[in-house]
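These notes concern the structure reproduced below.
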Amino acid sequence: MEIPVVDLSGPSARVASELDRACSGVGFVQVVGHGLDADVEQAAWECAHRFFTLPEGGKCEVAIPPGDAYGYGPYRVERLASSLGVDTPPDLKETFSIGPFEAPPGLLADEPAAAFSFSPNRWPDALPEMESVMRRYYEDLAALVDRILSLMATSLGLPADHFTPLIDQHTSALRLLHYPDLGGTPAEPGQLRAGAHSDYGTLTLLRQDDAPGGLEVLATDDSWVAVPAVDGAYVVNIGDALERWTNGRWRSTLHRVVLPPAGVSRSTERQSIAFFHNANWDAVIDCLEPCRPEDPADLLPPITAGRHLMEKFRRTQNDDTR
């Protein structure tokens, strides 16, 4: 199995068809021709690197408080496989997460639980430029998801703006990820850089480097397939919410980040940036009409986007330092 590469600058009808085919078969696709500003991308990439090279105390000043979603996640704090009920040792990574910059007016009064997805962003004093750099990148990635979802809607025979009222107050998160060079330190049995999981929301956009020990996707034959770093591309994958929206037509595929292979002579330090796009907090994710099965028993039940996201996130948090 190979991960398809789709050029978004091509004719819309062809691009929509290619996206539909990839999302139905693999659940993953790499997109090029996306038109993102290369200077904005590079500024965010370099800023992420500067953050992870800060002293530990500087990073921990912006650690995620209990009950919140955004800020620094220290090394070995998260267990992504726990979102599927699998008990593993903590993942060998550290993170910095950024959420929406403003909450929709009135939402928090009507839905107090939404405060989780709109909890405050935290910025290190040592990097005064970080907020403006990441805000621009966040907004550009959100606009790219809008374009992709518009193409995907048309691939189903829906109006191009079908998803617009369901994502116009989205609760997306931009996550910077750093996987340190293990330096020969052995991992625990079953321990990975990121345990096998599916993503929770609509779409994920990922920019990755080519360091050893990278992203793998579970193929339909239950083998794990590496996702190569394609120059200028973003890896796009379907999340659980969009799988439900299509009643399983598009696949939210398991994936993981593996340990570097033995005997690699160069540094295995790895960096990536993921944009986890989520629908509006109060969006009801119910099966799209073109995807409704003939037998009602085959219909996946509706969910509310925000509460689904919150519960998934909380399952992944490590409560010890083993």
Side-chain angles (χ1 to χ4, degrees), residues 1-3 26-28 52 56 59-60 63-64 66 69 71-97 173 175-201 204 206-229 235 237-240 243 251-274 276 308-322:
M1 183 187 80
E2 293 185 358
I3 307 302
V26 183
F28 271 75
F52 289 119
E56 196 66 21
K59 291 183 288 189
C60 287
I64 305 171
Y72 175 58
Y75 190 56
R76 294 170 54 97
V77 159
E78 189 172 59
R79 304 179 192 195
L80 283 175
S82 296
S83 65
L84 300 176
V86 180
D87 185 22
T88 65
D91 296 342
L92 297 173
K93 68 176 185 298
E94 57 180 339
T95 64
F96 185 85
S97 299
R175 174 172 263 203
L176 320 178
L177 300 114
H178 177 237
Y179 306 89
D181 188 317
L182 299 180
T185 304
E188 298 178 47
Q191 192 168 38
L192 296 173
R193 284 178 150 177
H197 64 285
S198 60
D199 291 344
Y200 318 144
T204 299
L206 177 77
R207 181 182 178 188
Q208 61 171 343
D209 64 20
D210 63 352
L215 178 64
E216 292 186 343
V217 173
L218 186 65
T220 54
D221 64 359
D222 290 333
S223 64
W224 288 99
V225 177
V227 182
V235 180
N237 64 279
I238 299 297
D240 298 341
E243 181 178 75
R251 298 179 55 219
S252 180
T253 306
L254 286 180
H255 50 284
R256 65 187 186 180
V257 181
V258 296
L259 301 175
V264 175
S265 58
R266 68 185 179 98
S267 172
T268 61
E269 181 182 22
R270 175 179 172 82
Q271 178 174 299
S272 60
I273 299 180
F276 298 104
H308 162 79
L309 172 66
M310 181 174 64
E311 290 306 313
K312 282 278 191 174
F313 175 82
R314 286 179 172 168
R315 287 183 201 172
T316 68
Q317 301 308 292
N318 186 21
D319 57 5
D320 61 44
T321 56
R322 68 187 174 110

Looking at every non-hydrogen atom in both residues, tell me the closest pair between [X] and [Y] and how far apart they are.
| X | Y | value |
| --- | --- | --- |
| Pro212 | Pro261 | CB-CD, 4.0 Å |
| Val225 | Ala219 | CG2-CB, 4.0 Å |
| Gly27 | Thr253 | CA-OG1, 3.6 Å |
| Phe52 | Leu176 | CZ-O, 3.5 Å |
| Asp199 | Ser252 | O-OG, 3.6 Å |
| Tyr200 | Ser198 | CE2-O, 3.3 Å |

[atom1]-[atom2] distance between [X] and [Y], expressed to the nearest 0.5 angstrom:
| X | Y | atom1 | atom2 | answer |
| --- | --- | --- | --- | --- |
| Phe28 | Ile238 | CZ | CD1 | 9.5 Å |
| Leu254 | Asp222 | CG | CG | 9.5 Å |
| Thr95 | Arg175 | OG1 | CZ | 4.0 Å |
| Phe96 | Ile64 | CZ | CD1 | 8.5 Å |

Heavy atoms, side chains only, cut-off 4.5 Å: are [X] and [Y] in contact?
| X | Y | answer |
| --- | --- | --- |
| Gln208 | Val257 | no |
| Thr88 | Leu192 | no |
| Lys93 | Arg193 | no |
| Arg79 | Pro90 | yes |
| Val235 | Ile3 | no |
| His197 | Asp91 | no |
| Arg270 | Thr268 | no |

Worked check of side-chain contact (heavy atoms from CB on, under 4.5 Å) between Val227 and His255 | CA-CA 10 Å; Val227 182; His255 50 284; over 6 Å; no
Check against side-chain contact (heavy atoms from CB on, under 4.5 Å), Leu182 and Leu259 | CA-CA 9 Å; Leu182 299 180; Leu259 301 175; 4.0 Å; yes
Go through Trp224 and Leu218 one step at a time and tell me if the side-chain contact (heavy atoms from CB on, under 4.5 Å) criterion holds.
-> CA-CA 5 Å; Trp224 288 99; Leu218 186 65; 3.7 Å; yes
Go through the steps for Leu92 and Tyr75 under the test side-chain contact (heavy atoms from CB on, under 4.5 Å), then give the verdict.
-> CA-CA 6 Å; Leu92 297 173; Tyr75 190 56; 3.4 Å; yes
